[in-house]
Number of protein chains: 2
Amino acid sequence: MVLPRAARTQRRTRIQEEKEERILEAALEVFSANGFRGATVDQIAEVAGMSKPNLLYYFRTKEAMHRALIDRVLDTWLDPLREFNAEGNPVAEIRSYIRRKLEMARDYPRESRLFANEVLQGAPHIEDELKGPLKALVDEKAEVIRAWAKAGKIAKCDPYHLIFAIWSTTQHYADFDVQVRAVLGQGNAGEGRFEDAARFLERLFVDGLQVSEQPAA
Amino acid sequence: MVLPRAARTQRRTRIQEEKEERILEAALEVFSANGFRGATVDQIAEVAGMSKPNLLYYFRTKEAMHRALIDRVLDTWLDPLREFNAEGNPVAEIRSYIRRKLEMARDYPRESRLFANEVLQGAPHIEDELKGPLKALVDEKAEVIRAWAKAGKIAKCDPYHLIFAIWSTTQHYADFDVQVRAVLGQGNAGEGRFEDAARFLERLFVDGLQVSEQPAA
DNA sequence: TGATAATTTGACCGGTTGGTAAACATTACA
DNA sequence: TGTAATGTTTACCAACCGGTCAAATTATCA
């Protein structure tokens, strides 16, 4: 028979497991660095250390590889936001969210760039995920933040734009890494930049959200 | 003679001026939406409304088109930062910088995405610009901010990461536009989102930088 | 061990891509 | 107006790309 992985009806062999793993790892490397269109199957095959037809035996099309990769990565990518806890201390929750997002930018920059490439070019392959699960999750957490503000636990602010601001500032260190390095120069670009960023961002967001303002006149 | 625009020794004809303009406009459209590798010369030709060989008469290679486009756009893209004025009121300067960057994200999203695509994929074509003129400009303005902080006019903070934060939060609304729209949904995604973002960001940065903190214990 | 299924590969295909050659058309200008 | 320079187009090419095929190799297990 010649039924590759797409048609696996039940269990996968050890060899399938291993190869699909190696392929997705290579695909992450190549897609995140070049975007979907910019990536070539040959490139992925070379990084994975196998022949192109062999790749296509496990994933029948380039698109299928990309989709499998997205599906696999998206879930863990949204974990930090999922952990956002309505019961916890608001300022502590926000601070810890920032810290976790920044750690992900540091430890998983390829995953960040994978999505950045995709969204930047109009999200042709993940539109549904954005409008569905992502929006639902953000809506839920935005409601939590709104409740905190209403209860006077943090300053009033638009919860959606707060989330956007945390996303953008943290992912910046993954997505625009070369620019950050170029601007900081050799001296300051040593790994200290993530600690500096953490210090700066925690202060920025926490001081900006503490309840401390009186309505002007 | 068959010396196209690359070899223009002195003046350019009216027709050259017009065509190069149309080409660069089309190139901006296509490069910003697809990245360098994802863009095709045929696509640009179609958008520009001329034949591919005709394009290549004015710009001998795809690379040359991209370079010309970058050179043209980078200057105006950095204008807001250049206007950053050491003599002005610090908080007002920062607020106005945020506002201008956000206006650019709204009015020139293609330019923003052009650079985002480039930087995201490792800046293979603009590394020199980043390490040279960009770094120099940022260094200069970072010094201004540092001086303000030293003089007690704003809270102490890392000026580089402050600039990164302003860049990332504002450009987010151009680069990740589809995601922002998807999350905000039909209702809130009407153009109001830029006003909401402006309100949020001005508050975030200004409250976060006002001199109002006393050193904890 | 042998036979059956799963895996791997080299050769290849049609379509796309960046770019060229040369003939043709248009413009500028003496 | 004539002619030389400039601009435009059609036809084309070689390299690359995603994907197929059939043959060969390897793993599985009765």
Side-chain angles (χ1 to χ4, degrees), chain A residues 1-24 26-27 29-31 33-69 117 121 124-125, chain B residues 1-24 26-27 29-31 33-69 117 121 124-125:
Chain A
M1 268 299 163
V2 62
L3 284 187
R5 67 135 257 140
R8 67 191 145 93
T9 33
Q10 30 236 25
R11 77 191 129 196
R12 305 189 308 172
T13 67
R14 170 186 50 83
I15 203 163
Q16 272 174 358
E17 206 105 29
E18 279 177 19
K19 289 300 169 71
E20 288 177 14
E21 177 63 33
R22 258 172 62 191
I23 293 170
L24 288 181
E29 187 72 25
V30 176
F31 280 132
N34 303 99
F36 180 78
R37 203 168 185 292
T40 74
V41 178
D42 296 84
Q43 237 179 323
I44 299 172
E46 196 190 324
V47 172
M50 46 180 101
S51 69
K52 180 168 62 168
N54 202 4
L55 273 205
L56 293 165
Y57 171 75
Y58 291 100
F59 297 94
R60 282 207 286 236
T61 65
K62 182 183 171 185
E63 188 117 10
M65 285 181 33
H66 189 256
R67 169 124 304 270
L69 183 59
N117 263 304
Q121 305 196 0
H125 305 93
Chain B
M1 270 294 167
V2 62
L3 285 186
R5 67 135 257 140
R8 66 191 145 95
T9 32
Q10 31 235 26
R11 77 190 131 198
R12 306 190 308 175
T13 67
R14 171 187 50 82
I15 204 163
Q16 272 176 358
E17 206 105 30
E18 279 177 19
K19 290 297 170 71
E20 288 178 13
E21 177 63 33
R22 260 172 60 191
I23 293 172
L24 289 181
E29 186 73 25
V30 176
F31 280 132
N34 304 98
F36 180 77
R37 202 169 187 291
T40 73
V41 177
D42 296 83
Q43 237 179 323
I44 299 172
E46 196 191 324
V47 173
M50 47 180 99
S51 69
K52 179 169 64 167
N54 202 3
L55 274 205
L56 292 165
Y57 172 75
Y58 291 100
F59 298 93
R60 284 209 284 239
T61 65
K62 182 183 173 186
E63 187 117 11
M65 286 181 33
H66 190 254
R67 168 126 303 270
L69 183 59
N117 262 306
Q121 304 195 0
H125 304 93

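Chain A is the first sequence line, chain B the second, and so forth, proteins listed ahead of strands; every chain is numbered from 1. Computed from a predicted structure; not experimentally measured. Computed over heavy atoms, backbone and side chain alike; hydrogens, waters and symmetry mates excluded.
Considering only heavy atoms from C-beta on, B/M50 comes within 4.5 Å of B/I23 through its side chain. Looking at A/H66 and A/F59, their side chains never come closer than 4.5 Å, going by heavy atoms from C-beta outward. Counting heavy atoms from C-beta on, the side chains of A/K62 and A/F31 come closer than 4.5 Å.
Residue contacts for A/A45: at a heavy-atom cut-off of 4.0 Å it reaches no nucleic acid atom on any strand shown. If you check every strand for non-hydrogen atoms under 4.0 Å, B/A64 touches nothing.
Look at CG on A/L55: it is 12 Å from C1' on C/dT9, rounded to the nearest Å. The interatomic distance linking B/R60 (CZ) with D/dG7 (C1') rounds to 15 Å, in whole Å. Residue B/F59 contributes atom CZ, which lies 13 Å from atom P of C/dG19 at whole-angstrom precision. Distance, A/L56 CG to C/dT8 P: 13 Å, rounded to whole Å. If you measure from atom CD1 of A/I44 to atom P of D/dC17, you get 12 Å, rounded to the nearest angstrom. Atoms CG (A/N54) and P (C/dA11) sit 16 Å apart, rounded to a whole Å. At whole-Å resolution of the value, CD in B/Q16 and P in D/dA5 are 15 Å apart. Distance A/R67 CZ to D/dG18 C1': 19 Å, rounded to the nearest Å.
Of the two residues near DNA chain D, B/S51 and A/E63, the one whose nearest nucleotide lies more 5' is B/S51.
In this structure, the nucleotide among C/dG18, C/dT9, C/dT20 sitting nearest to the side chain of B/K52 is C/dG18. Out of D/dG19, D/dT20, D/dT9, the shortest distance to the side chain of A/P53 is found at D/dT20. Distance from the side chain of B/T40 is smallest to C/dT17 among C/dT9, C/dT17, D/dT8.
Distances shown here put a side-chain N or O of B/Y58 below 4.0 Å from the OP1 or OP2 atom of D/dT8. Here A/Y57 does not reach the OP1 or OP2 of C/dT8: none of its side-chain N or O atoms lies under 4.0 Å away. Taking only side-chain nitrogens and oxygens, A/R37 never comes nearer than 4.0 Å to OP1 or OP2 of D/dG18.
Under 3.5 Å, the side chain of A/K62 and the base of D/dG19 form no donor-acceptor pair of N or O atoms. Judged by distance alone, with hydrogens and angles left aside, B/K19 brings no side-chain donor or acceptor close enough to the base of D/dG7 to form a pair under 3.5 Å.
Panel note: side chain B/R37, backbone A/A39; no donor-acceptor pair is recorded below 3.5 Å.
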Are B/Q121 and A/N117 close enough, and set up right, to give a side chain to side chain contact (heavy atoms under 4.5 Å, CB included), and what steps lead you there? CA-CA 8 Å; B/Q121 304 195 0; A/N117 263 304; 3.0 Å; yes
